[in-house]
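Throughout, a chain's letter reflects where its sequence line sits, starting with A, and its residues are numbered from 1. Side chains included, hydrogens not; waters and symmetry mates left out as well; all remaining heavy atoms used.
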Amino acid sequence: MLLQILDCDYVYLNNKTIVRFFGKNEHNEPICAFYEGYYPYFYVIGDNEKITKFLEQNFKNDILKIEEKEKYLLFYNIKRNVLKIYLFDPSKTSAIRDELRKLSFIEDIFEADILFKYRFMCDHDIGGFSWINIKCVPTRTSTVKVKTVNALKIEKVNENKDISLKTLAFDLETSFDDSGVDPENNEILMISLVFSEKFNGSDSLVLVSKRIGGKDVIGFESEKQMLEKFVDIVNEFDPDIMTGYNIQNFDFPFLIQRMDILGVCKKFGRCNRKNVFCMKIGSNINRTSISGRIIADSYDMIRKEEKINPKMRLKRYGLGDVSLAFFNETKIDVSYSQIPKLWNGSKEDILKIVEYCRKDSVLALRILLEKRLLDKHIELSKITGTLLQDILNGGETIRIETLILKEFNSRNFLLPCKPIKSEIDKRIEQRNKVGLKGAFVLEPKPGLYNKYPIIVLDFHAMYPSIINKFNICPTTIIKNPEKYDKNDMNESPIGAFFIKKEIKNGIIPDILRNLLKQRSKTKKIMRTEKNEEVLRRLYSKQLGLKIMSNSFYGYMGFIVSRLYVMDIANSITSYGRSMIKDVKSDVEKRYDVNVIYADTDSLMIESNSNDIDKTFELGEKISVEISKDLGEDILLEFEKVFKSFFILAKKRYSGLEISKSDTGFKYKIEMKGIETVRRDWCNLTSESQNEFLNIILKEGNIKKAINYIKGVLLDLKSGNVPIEKLIITKGITKKILSYKVIQPHVEVVKKMQMRNPVDSSFMYDKRIDYVITKGVGLISKRAEDPKYVKENNMKIDSEYYIRNQLLPPLERMLSALGVDKSELFGSDKQTSILSIINNKKSKPSFRGFICIKCNKEFDRIPLIGICECGGEIKLLTDKGTVDRL
DNA sequence: TGCCAGCGGGG
DNA sequence: GTGTACGCTGGCA
């Protein structure tokens, strides 16, 4: 039987471990395969006789057998005699390991912290999404809900297709009260379920804990009955994937706790013995596990995506915000505050919540499927062997460790354990002593560069290339360099030695070469592939391969890594620094150009001609010639040309990229480190900053840009800016009364409550939009609900917006342009606060603000308008204090 | 510049 | 389950 692996675990029965594979066969039929007779083991180095004696005396019943082996360890050419200790029960391993660690005659322990499922999969050269061929006999068992077989033999097979994944999205609506929402005191009102393929003729169902009916709505006498039906439906639909929006942190923990309280059987995994199991880890993180199924939370996945793909970055990540951004589609308009009222209302009222609830699941499912969020994770699973659930839950570490375990073992190397606390402390101490130096960043001269185009060059995959070229690996670093011929070693700029690859390939460089080879092969296939589905998969695959090859440098310098060697991390960056510095001086000498900025692996070079075509030619020429000098493993790529380039400081710049297209030239603005897509900036800020940059970069007309800003300031003052652009957002996190410090959004809630005491529950609409209105007193007290401001024709505080929203991001830009900020305001004395603030540099008499009561000094006026001690705040100058306006 | 505290999504 | 665990940002020293 052929099977593609989705999940794997084990059970321990009558002194036997049974490994279980959950997966699907080539007919998409869910299967569970049992494999008996594989046992856990780990390795120990030390006094073999004493170790054996100790184990016999203390753990006789736990030990299956002990063997002697010859294995390689970290560092070059270290071969040792080790004991391989087999146990009966995987769950005993950690206790025995910890006992052994205490013994003086034990030198080191290896691979004693590898999850049993990975131990098994590694030894059978399989992993997540592998296809396996199993020689099997059918078996009957009540322990598993899907078809089961006993596997006698498991073999990896190469198969290119993927099974299709059945997906179920769900969403809860719960009751809540003044203290928020809590499974102890609140109940589940309804659950929506949306199916990726029809279930009993329905695309979706909503279960309601009230006697009510409707299309695809099922009502129940009680919450308990509803939850029992939920379990039945999940089991009957039998999804591979369960999804929803923020289900890891809300719906699952709430659901499981309600099931506990009501005594509902929590078995909706594919195993009949294991409850769905939900655990709070850390302060704000829950993890749920369902044996045989995979939980893929749309919210979690979007948040992960955003890190890799900055294009996906949003200001907020509510389901409504994300749906709007992706599908131009909104949630059904029901605010939390309405739910209790609707729930106790008419049938139509309840059905309104039902449809609201249903749509949330629909959207969560659409996000997962239409945005194809799983593709990349599935490819990462295939590349590394990590199970999909572990890829989704974990980060880089689990992926790398699964991959390297296999690679180490197949070369007769042992993988060290994760460091224990004392080892980590030792590493930290050493790092503090020696220091870990990062990449080279050239201090730029701030300003606008638009006289000549800027050529951008960067090292292709710099750190992987360095690892490759100099054979940098924990298995090639040399402990006693004096014992080896200098010609056989690479010496890194910080003076560490690695055996050359001509003598012995390092494992990490080997893995990297393999990943890169697979990637170029994949990209080559992509060029001729026409099928869109296949193309998408290939794209995800090459991306996964790239992600993996970029992870190794970080992993080797990661303090809790199994492969942490400080000299390695330092060697890699030192090679990088020396390479980029060499290239910089080389380019400047050979081509008579200026490198105006450089960071880690990229260089910005001012062209020597303002002809675009000639600039492209020069970029190409530099790339080819310098790469040739750098040798075959290192490539300096010609990345792009900026027609103009505006840099404020290290890692903060914006450029106008120019590229050739069929119709002429194409332009695109790129920003680094100066984005204002943040929730504490109002939209006017981002908008005006973008337009300012636009004028500067495209037209190079500083005056026009300043005039534009002047226009914005004028609009603000005359009240011509739509209030929507001025909204600032903050979250309410606790009971209003427990806020000690006066804050704008809290004050807004108080005002709203006062105006509308009947409907007080809306204070749990946690995100509060507000604007600052004109008037006297504290800014916080002048914060108002935008709707109220509109209805009552209130004026907004333009000076607040100028000072706190518009100017801060603009100030740096103006000073980089060498513009005195007074140019923005002319000699208009009406705006005296502004002119003082903005002439900070030209009039050094201004020093800041000071509290006249306690003399505490401030750089800026505190938001609450007075000092923490309650004292009044005045301007502080060289000549003393001055009243603020 | 580096550390610490707090927050996010959900109802 | 040989599992013990997020990641950013603003405020502040």
Side-chain angles (χ1 to χ4, degrees), chain A residues 8-12 17 39-42 62 85 87 89-98 109-120 171-177 179-183 185-190 244-255 274 277 279-287 289 291 297-300 302-304 306-307 313 316-322 331 334-340 343 353 356-357 360 364 389-390 393-395 397-398 401 417-418 421 560 678-680 730-734 741 761 764-767 858-860 862-863:
Chain A
C8 172
D9 66 1
Y10 78 93
V11 284
Y12 187 64
T17 59
Y39 291 94
Y41 60 85
F42 61 95
D62 298 314
I85 299 163
L87 307 180
D89 181 357
S91 69
K92 294 274 171 64
T93 317
S94 62
I96 296 174
R97 174 196 67 207
D98 292 343
I109 304 176
F110 295 84
E111 300 181 11
D113 51 4
I114 310 290
L115 294 189
F116 187 58
K117 58 188 181 185
Y118 283 110
R119 177 82 279 163
F120 181 92
D171 180 47
L172 306 183
E173 302 305 322
T174 70
S175 70
F176 53 89
D177 47 54
S179 56
V181 56
D182 164 17
N185 307 314
N186 303 114
E187 56 193 321
I188 301 174
L189 306 179
M190 58 182 75
Y245 206 76
N246 202 25
I247 50 175
Q248 283 278 19
N249 277 314
F250 179 77
D251 300 69
F252 269 125
F254 198 99
L255 177 70
K274 288 187 181 176
F277 160 77
M279 186 182 244
K280 201 176 159 73
I281 57 169
S283 59
N284 213 8
I285 298 168
N286 276 283
R287 279 289 111 95
S289 70
S291 56
D297 187 326
S298 298
Y299 169 72
D300 282 354
I302 296 281
R303 295 310 298 258
K304 274 196 181 175
E306 151 215 27
K307 271 166 226 154
R313 211 177 139 83
R316 287 200 225 138
Y317 291 89
L319 178 55
D321 309 302
V322 172
K331 279 169 68 112
V334 176
S335 83
Y336 295 148
S337 55
Q338 294 170 268
I339 287 180
W343 179 246
I353 317 181
Y356 167 84
C357 180
D360 279 7
Q389 187 70 78
D390 296 329
N393 286 344
T397 313
I398 182 73
E401 292 188 346
C417 287
K418 285 182 189 155
K421 194 167 178 314
V560 291
R678 283 197 342 219
R679 57 181 75 189
D680 44 354
K730 268 212 165 170
I732 292 287
T733 52
K734 49 186 179 183
V741 186
S761 48
Y764 298 109
D765 279 357
K766 279 177 47 178
R767 290 178 301 265
F858 301 87
D859 286 341
R860 279 169 293 178
L863 209 54

Exercise. Do A:Y245 and B:dG10 share a donor-acceptor pair, side chain to base, under 3.5 Å?
Worked result: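 No pair found.
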Taking the minimum atom-to-atom distance to the side chain of [X], which one of [options] wins?
X: A:N246; options: C:dT2, B:dG9, B:dG11; value: B:dG9
X: A:Y10; options: B:dG10, C:dT2, C:dA5; value: C:dT2
X: A:F176; options: B:dG11, B:dG9, C:dT2; value: B:dG11
X: A:T174; options: B:dG10, B:dG11, C:dT2; value: B:dG11
X: A:D390; options: B:dG11, C:dA5, C:dG3; value: C:dG3
X: A:S94; options: B:dG9, C:dG3, B:dG11; value: C:dG3
X: A:L115; options: C:dT2, B:dG9, B:dG10; value: C:dT2
X: A:Y336; options: C:dG3, B:dG11, B:dG9; value: B:dG11
X: A:R303; options: C:dT2, B:dG11, B:dG9; value: B:dG9

[atom1] of [X] versus [atom2] of [N]: gap in Å, rounded?
X: A:D171; N: B:dG9; atom1: CG; atom2: C1'; result: 12 Å
X: A:L255; N: B:dG11; atom1: CG; atom2: P; result: 14 Å
X: A:I114; N: C:dG1; atom1: CD1; atom2: P; result: 14 Å
X: A:L172; N: B:dG11; atom1: CG; atom2: P; result: 8 Å
X: A:I302; N: B:dG10; atom1: CD1; atom2: C1'; result: 15 Å
X: A:N286; N: C:dA5; atom1: CG; atom2: C1'; result: 11 Å
X: A:I109; N: C:dT2; atom1: CD1; atom2: C1'; result: 12 Å
X: A:Y12; N: C:dT2; atom1: OH; atom2: C1'; result: 14 Å

Using a heavy-atom cut-off of 4.0 Å across all strands, would you classify [X] as base, sugar-phosphate, or nothing?
X: A:D251; value: nothing
X: A:F277; value: base
X: A:I96; value: nothing
X: A:D182; value: nothing
X: A:R119; value: base

Exercise. Taking atom P in both B:dG9 and C:dG10, what distance in whole Å separates the two?
Worked result: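 Looking at atom P only, B:dG9 and C:dG10 are 14 Å apart.
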Exercise. What integer number of Å spans the P atoms of C:dA5 and C:dT9?
Worked result: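 That atom pair is separated by 23 Å.
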Hey, does the side chain of [X] come within less than 4.0 Å of [N]'s phosphate (OP1/OP2), counting only N and O?
X: A:K117; N: C:dG1; answer: yes
X: A:Y317; N: B:dG8; answer: no
X: A:R316; N: B:dG8; answer: no
X: A:Y41; N: C:dT2; answer: no

Exercise. Is any side-chain N of the basic residue among A:D113 and A:K418 closer than 4.0 Å to the acidic one's carboxylate O?
Worked result: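 Salt bridge absent between A:D113 and A:K418.
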Problem set entry | Residues A:Y118 and A:E401: side-chain donor-acceptor under 3.5 angstrom |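 No.
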Problem set entry | Partners meeting ring pair (Phe, Tyr, Trp, His ring centres under 6.0 Å) with A:Y245 (sequence neighbours left out) |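 Per chain and number, A:Y245 pairs via ring pair (Phe, Tyr, Trp, His ring centres under 6.0 Å) with A:Y299.
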Problem set entry | By ring pair (Phe, Tyr, Trp, His ring centres under 6.0 Å) - contacts of A:Y10 (at least two apart) |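 For A:Y10, the residues satisfying ring pair (Phe, Tyr, Trp, His ring centres under 6.0 Å) (neighbours in sequence not counted) are A:F116.
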Exercise. So do the side chains of A:E173 and A:V334 get within less than 4.5 Å of each other, counting heavy atoms only?
Worked result: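 Not in contact.
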Exercise. Does the cation-pi check pass for A:R97 over A:F42, that is, NZ or CZ under 6.0 Å from the six-membered ring centre and within 45° of its axis?
Worked result: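 Judged by the rule, A:R97 and A:F42 form no cation-pi pair.
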Exercise. What closest approach, in Å, do A:K331 and A:D360 show between heavy atoms, and which atom pair accounts for it?
Worked result: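 Result for this residue pair: NZ-OD2, 3.1 Å.
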For this session: Return the 5'-most residue of the pair A:K331, A:I285 with respect to DNA chain B, ranking by each residue's nearest nucleotide.
Result: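 Its nearest nucleotide being more 5', the pick is A:I285.
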